Structure formats: C-alpha cells, structure tokens
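Inspection log for the structure reproduced underneath, given as structure tokens.
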Amino acid sequence: MLWQELGIRTCHDFLHLFPYRYIDKTTFYKINQLQNSQAEVQLIGKITQVKTVKQQRGSRLVATFIDETGSMELVWFKGVKWIKESLKINTAYVVYGKLNSFNNSFSIAHPEMELLSLHQKKVHSSMQPVYPSTELLSTKGFTNKVFRALMQNLFIQINGRIEETFPSSLLQEEQLISKSEALLNIHFPKSQELLAKAHTRLKFEELFFIQLQLLRKKLIRQTKFKGFVFEHVGTHFNTFYKQHLPFDLTNAQKKVLKEIRKDVASGVHMNRLLQGDVGSGKTIVALLSMLLAIDNGYQAALIAPTEILATQHYNALAAMLAPIGVTVSLLTGSVKAKQRRVIHEALETGSLHILVGTHALLEDKVIFHNLGIAIIDEQHRFGVAQRAKMWEKGSAEEAVTNPQEPQLSAAVKAALPPHMLVMTATPIPRTLAMSLYGDLDISVIDELPPGRKEVKTVHRYDSNRLAVFKFLKDEIAKGRQVYIVYPLIQESAAMDYKDLMDGYESIARDFPQPQYQISIVHGKMKPEDKEYEMQRFVKGETHIMVATTVIEVGVNVPNASVMVIESAERFGLSQLHQLRGRVGRGADQSFCILMTDYKLSEDAKTRLKTMVDTTDGFEIAEVDLKLRGPGNLMGTQQSGALNLKIADLVKDTAILTRARNRANAILQEDANLSKPENALLQKIYRQHQKKSGLWANIS
Ligand code: ADP
Ligand code: MG
C-alpha cells in the first residue's frame with residue numbers, strides 16, 4: 001500500500017520521504033483568535049456536550065468544545081460509537097487539527113485529542129515532522145504518529161549506516177553537512193539551525209545530480225555532434241538587413257541574433273531555446289537566422305503547431321522574402337497531393353530554400369536536400385518525439401539513431417543534424433528553465449518593440465455584459481476589431497462546443513448584421529473554412545472574431561484591439577497571458593476584458609488579479625509557478641518529469657545556481673567522471689541515471 005500510495009518500496013525510499021512541514025506544538029490558540037487562514041491549530045478547552053447527528057449514510061458525532069473565549073465544534077464521521085464512549089465531558093483536553101470554517105463558526109474534523117494532564121507530562125519538541133500522506137493511508141491507520149514511530153524505528157535499526165553521496169572535499173567546499181546528519185535532522189530536527197542545514201544539503205544534492213545529468217548531456221552533444229558551419233554572412237542576409245527590414249531591431253533582438261550567429265559559425269551544433277514574450281518579435285529573428293543558412297548554401301525549415309499560425313508565418317515570410325529572391329513554400333495537412341509533389345521535388349533538388357509548415361513537415365516523405373537550420377515555433381506545443389524527428393531531417397542517408405541519447409548511438413556517423421532554434425512565448429522562470437532545459441543554450445528577448453501601449457486589463461462579471469457589449473460597439477465604431485474567446489477543455493469538448501455556439505448566437509443577436517460582421521473559428525471546422533474565416537478577420541471584413549483557444553498561439557492582427565475572454569476563470573495564467581498577447585500589437589490602446597461568474601475559487605481570484613495587475617510575462621510565469629508548482633507549468637508533460645522531492649524551484653534559486661556551477665566545474669575538469677576523486681560521484685550519477693530515464697527525454 002505504501003508503494004501504491006507514496007511510491008515507497010525500500011528503506012531508502014522511506015528515508016527519503018521528507019516531512020513537508022513541521023508542527024509547532026508549543027503554541028496554543030484561543031477560540032476567539034482563530035482565523036480562516038490558519039491551517040492547523042492547537043487549543044486547550046473542554047467538551048460540554050456531545051450529540052449524534054443522523055445523516056444520509058450513518059451518523060456523525062458533534063461535540064461542543066469551549067474555552068474561556070468562545071466555542072466551536074469537533075466532528076467525527078468515523079468510529080462514532082467508540083469515540084462517543086471515550087470522550088470525557090468537562091475535562092481539559094489538548095486538541096489539535098485542521099481548522100474548517102463555515103458561516104463564521106469553526107470546527108475541526110477528526111482532531112488529535114489528548115488529556116491536558118497527560119500532555120503536560122511529555123516533552124514537546126517545537127518541531128514535529130508531518131509526512132505527506134493520502135486519504136487512503138490515513139483511513140487505514142497510517143497516521144502521522146505511525147509514520148513518526150516507523151521512522152524512529154528505522155533510524156535505530158540502521159544505526160548511522162547511511163551512505164554518503166558526496167566526496168568530502170565537495171562537502172567541505174560547499175559547507176554542507178553529511179548525508180546521515182542531514183537525514184537525521186530532516187526527520188528529527190535538533191534545532192532550527194540544523195534543520196535548515198539539512199534542507200540545504202538535501203536540496204543541493206537533488207539539484208546537483210539533475211544538473212550533472214543535464215550538463216553532461218550537453219557536453220556529449222557538443223562533442224559528438226559537429227554542426228554545419230555558416231561561415232559567412234552573405235548577400236541575402238545583408239540585402240535584406242540593409243534594404244528590406246521593416247523596422248529597426250530592438251537591442252534584445254540584436255543581442256539574440258549575435259548569439260545565434262556565434263553558434264552557427266563555430267562548428268558546434270546549435271541547440272538553442274529562444275524565449276520571448278508574446279509580441280517581442282521572435283519571427284524576424286527566425287527569418288534572419290534562416291537567411292544565414294541560405295547564404296551558406298543550406299535550406300531552412302520553420303514549423304508551427306497550428307495551421308493558422310503556419311499559414312500566417314508563410315504569408316509574412318513570403319511577402320518579406322519576395323524582393324530578395326528567396327523561395328518559400330507552405331506544407332500543411334490541407335495541401336493537395338499535386339501541390340505536395342511539387343514541394344517535395346523542389347525540396348529534394350534544393351531549389352526550395354525555406355519550407356514552412358505544420359506537423360505535415362515531419363512526415364518521412366518530406367526529404368530535404370540539405371537542411372541547415374530547423375526552427376520550431378511555440379515549441380511547448382510539440383512533443384519530444386516530434387522535436388527528435390526534426391533532428392533527423394538533417395541527413396537523408398544516415399538517420400541519427402537516437403539524438404536524445406547520442407552516447408548510446410554507435411551509428412552516429414558523419415550525419416549532421418540541422419541547427420535547432422526552438423522558440424517559445426511562454427516565459428519560463430530562470431530556475432525552471434535551468435532545470436528543464438539545462439542542456440540547451442538559452443536566449444531571451446527581454447524587450448518589446450518601441451511604441452507598444454500596455455494592454456489595459458479589467459475583470460467584469462457576467463452581470464455587466466450589457467456595459468461590456470456597449471464598450472465593444474464603441475470600439476468597433478472607432479474602426480477596431482474584437483476577439484471573443486471561449487474556453488476549450490478537451491474532456492468536455494461537446495459542452496465547450498455548445499458554450500461556444502450559445503455564445504455566438506447571443507453575440508449575433510446583440511451585434512446584428514449587416515452593421516456587424518462576425519467570424520467564427522473553432523476546432524470542429526475544416527481547415528479551409530477556418531482559414532477563410534480567419535482571412536476575413538485579417539482583412540478587416542469582419543468586426544468580431546468568436547473563437548476557441550485555437551487563436552491562442554501567435555496570430556497577428558494589429559488592428560484587433562479588444563480581447564474578451566469568456567469564463568476566464570477556466571483558463572490558466574499562461575493561457576490568459578497568451579490570449580491577451582493577441583492584442584496590443586498595433587498603435588491603438590488595447591483592452592483585455594476577463595469575464596467571469598461571481599463564483600470564483602481563491603486561485604482563480606489570484607489569477608485574475610495577476611492579469612489585471614501586470615502585463616509582464618515573467619512576473620506572470622512566477623505567479624503561475626507558485627500557484628501550480630512546476631509540475632503543471634505550461635501544461636507540458638515534460639515538466640512533470642521534474643518530480644522534485646525537496647527542492648523548490650521558486651525559492652531555491654541560490655542553491656540551484658550553486659549546484660549548477662559546481663556540477664559544471666567538475667565536468668569541465670573531468671567530463672566522464674573517470675578520475676579517482678570522482679569515483680563516488682560517478683557511481684551515484686549512474687544510479688540517478690538508471691532511475692530517471694526521464695532526463696533523457698528532455699530538450
Ligand atoms: P512574437 O515574438 O510573439 O512571435 P512577432 O514576431 O509576431 O512576435 O512580432 C510581433 C509584431 O511586432 C509583428 O507585427 C512584428 O512585425 C513587430 N515587430 C517585431 N520586431 C519589431 C521591431 N524591432 N520594431 C517594431 N516592430 C516589430
Ligand atoms: Mg510568434
């Protein structure tokens with residue numbers, strides 16, 4: 001049961017089941033001091049009355065508990081009969097438990113109870129560990145008390161025989177306590193100070209071995225894979241840069257371009273993550289990088305997650321590249337077979353320079369003459385396998401067997417993968433980026449193009465709808481366009497679709513034709529219909545775009561200045577931020593209106609408030625990280641791999657940096673950990689690698 005519920009199989013696992021907090025049982029509260037926010041409290045008082053209340057199934061026991069300042073209830077749903085018999089009326093108890101509040105009255109369900117007289121006889125450490133558990137375990141009797149007793153037993157049995165995982169030189173230089181001291185103090189803290197040291201030691205260890213794996217993987221990649229060398233900056237790049245660039249690059253764009261140029265000229269293989277908030281101008285950086293490849297005789301590919309986005313990229317690139325004679329084609333699922341054949345051929349002979357597309361571009365039939373750089377837009381929308389596929393497009397003859405674990409692929413021959421530039425508009429906090437993408441190089445565009453006005457964001461309730469519609473009409477009268485977005489959550493696609501259609505009908509009633517024209521785009525439409533509706537909006541023929549989140553990624557319509565998000569509480573922060581990024585792209589003041597019901601969870605309130613308070617993507621990402629934890633951030637499966645036991649990516653930035661630097665220093669000296677002084681590290685490293693095949697899946 002411990003295995004199923006908590007993943008515990010061995011003593012080692014159990015030792016590494018860390019308390020997630022410590023109870024201070026030296027503090028007592030009075031009933032009139034209780035507040036909603038207090039999670040768990042300890043009180044002294046008496047039970048004055050006990051009654052059994054019948055409920056649908058069985059009954060519950062309710063005791064009235066008082067102290068000199070007020071009264072509250074203690075409640076039991078299980079073991080009612082037995083507990084009722086054992087409770088002493090009008091006798092002083094120490095009561096401990098999780099506080100519930102309802103209509104300003106408080107209660108504790110299944111409290112820990114102890115007679116005050118007994119309580120006073122015991123020694124009370126100020127820090128008692130609380131272990132993570134599950135409901136099933138608690139109902140089966142695995143209470144926290146039992147966990148503590150088991151742990152105590154275990155420590156007696158192993159009697160200090162805990163294997164050290166760091167060489168003593170490292171412990172000394174990083175001023176870390178030993179593993180056995182750390183484990184002892186995390187379970188039975190002798191003092192606040194030792195507990196803190198135990199935390200630091202165990203966090204450092206956890207982060208260190210992750211970084212060691214990531215950095216080693218990067219080293220291997222850099223030595224095993226040579227990269228194409230884009231030696232010169234040629235005519236296409238220069239002509240475009242000097243004569244056709246539609247605007248001056250921001251300093252951030254220039255900085256990133258320099259980083260990319262340095263990579264691709266160096267002979268190593270580029271594997272770079274480009275982060276930049278929505279609207280920061282990643283596309284032009286992608287375009288210029290592709291021109292570098294073309295000037296050196298290579299082809300380039302740009303892949304995007306949706307047909308709408310790929311089409312938009314294609315249109316923009318084709319328009320910009322026509323004057324300099326660079327050829328570009330679009331390949332998506334809806335390209336007809338005949339046209340497809342033309343593209344395939346041009347691609348294989350090399351007469352086609354750039355291929356833009358969706359997943360269709362990854363199919364085996366799509367063979368490049370010599371792909372020099374592959375760019376993945378909105379990379380978090382792609383799976384690991386798809387990104388790996390892109391690597392393979394580099395060489396038609398000898399497929400790279402396993403780019404994720406190159407050290408295992410004896411078959412890696414002269415095959416060169418294309419340089420990879422993966423772009424994301426989901427700002428990833430630095431700490432998370434270091435852990436998730438630690439084996440990639442990271443570039444950040446941390447500056448928006450000049451002249452952007454901050455999007456004004458407000459939160460409105462459904463009851464204000466009339467006022468909101470009036471506002472939309474005013475904006476439309478000024479010549480602006482409006483998005484109205486409905487949630488799309490896959491599990492209930494049918495219901496979402498109904499919501500969308502209901503919404504559309506009500507909007508169509510309030511915005512009657514012919515004065516108002518409305519586009520609608522959703523997942524059930526055929527690609528060509530989607531494209532048609534989208535184009536009507538892009539051209540300004542329609543005033544309102546009613547859509548599901550398909551428009552979330554990347555769509556660029558500068559004249560659209562209002563984003564209305566329906567049922568905004570159902571969206572995650574990063575999605576809200578992405579959606580808001582669809583407006584504020586032109587010169588006009590833009591608005592984002594978050595519509596919700598009155599019923600909102602605490603988290604939803606925080607999300608909405610964050611959106612209203614800031615437009616800074618990194619700030620939003622930090623809040624998101626705090627709310628949801630790294631496991632859920634960005635909604636990607638891969639971040640679930642970050643199953644950290646003790647380190648916290650929000651709070652432990654300093655330790656992470658130290659661990660990374662240390663790991664880096666060691667690998668610089670001894671990339672294979674083969675020196676005698678690194679024997680221990682090598683052994684532990686292997687153990688980690690075996691356990692976590694998962695790290696191989698990231699990049
Ligand atoms: P994203 O990073 O979200 O992909 P885009 O590349 O779509 O952003 O750029 C957003 C908009 O900003 C586009 O209309 C683009 O033409 C414009 N843009 C990009 N860079 C600059 C710049 N340096 N100066 C002015 N406008 C720019
Ligand atoms: Mg983009």
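The first residue of the sequence shown is numbered 1, and numbering continues consecutively from there. Quantities reported herein were computed from a predicted structural model and do not represent experimental measurements. Remember, it's 1-based here, ligands and their atoms both numbered in the order they're listed.
In this structure, Asp277 counts as a contact residue of ligand 1, since one of its heavy atoms falls inside 4.0 Å of the ligand. The closest approach between any non-hydrogen atom of Ala425 and ligand 1 is not below 4.0 Å. Ligand 1 lies less than 4.0 angstrom from a heavy atom belonging to Ser280.
Residue contacts with ligand 1: Leu249 is placed with no nitrogen or oxygen under 3.5 Å of a nitrogen or oxygen of the ligand (distance criterion only).
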What donor-acceptor contacts under 3.5 angstrom involve side-chain atoms of residues 359-366, with partners at least two apart or in another chain?
{"unit_1": "His359", "atom_1": "NE2", "unit_2": "Gln386", "atom_2": "NE2", "d": "3.4"}
{"unit_1": "Glu363", "atom_1": "OE1", "unit_2": "Lys365", "atom_2": "NZ", "d": "3.3"}

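Considering Asp377, Thr283, Leu274, Ile284 only, the shortest heavy-atom separation from atom 6 (O) of ligand 1 involves Thr283. The closest non-hydrogen atom to atom 23 (N) of ligand 1, taken over Leu287, Leu448, Asp248, Val278, comes from Asp248. When Gln578, Arg585, Met423, Arg452 are checked for heavy-atom proximity to atom 17 (C) of ligand 1, Arg452 turns out nearest.
In this structure, His353 and His236 have tilted ring planes: the angle between them lies in the 30° to 60° band. Under the 30°/60° scheme for interplanar angles, the aromatic rings of Phe511 and Phe469 are found to stand perpendicular. Below 30°, between 30° and 60°, or above 60°: for His543 and Tyr516 the angle between ring planes is above 60°, a perpendicular geometry. Ring geometry for Phe591 against Phe471 counts as perpendicular: the plane angle is over 60°, on a 0 to 90° scale with 30° as the lower cut.
Interface atoms of ligand 1 facing Thr250, defined by a heavy-atom separation under 4.0 Å, are 23 (N).
Applying the salt bridge (Lys or Arg N to Asp or Glu O under 4.0 Å) test to residues at least two apart or on different chains, the pairs with a partner in residues 260-273 are Glu259-Arg272, Asp263-Arg272.
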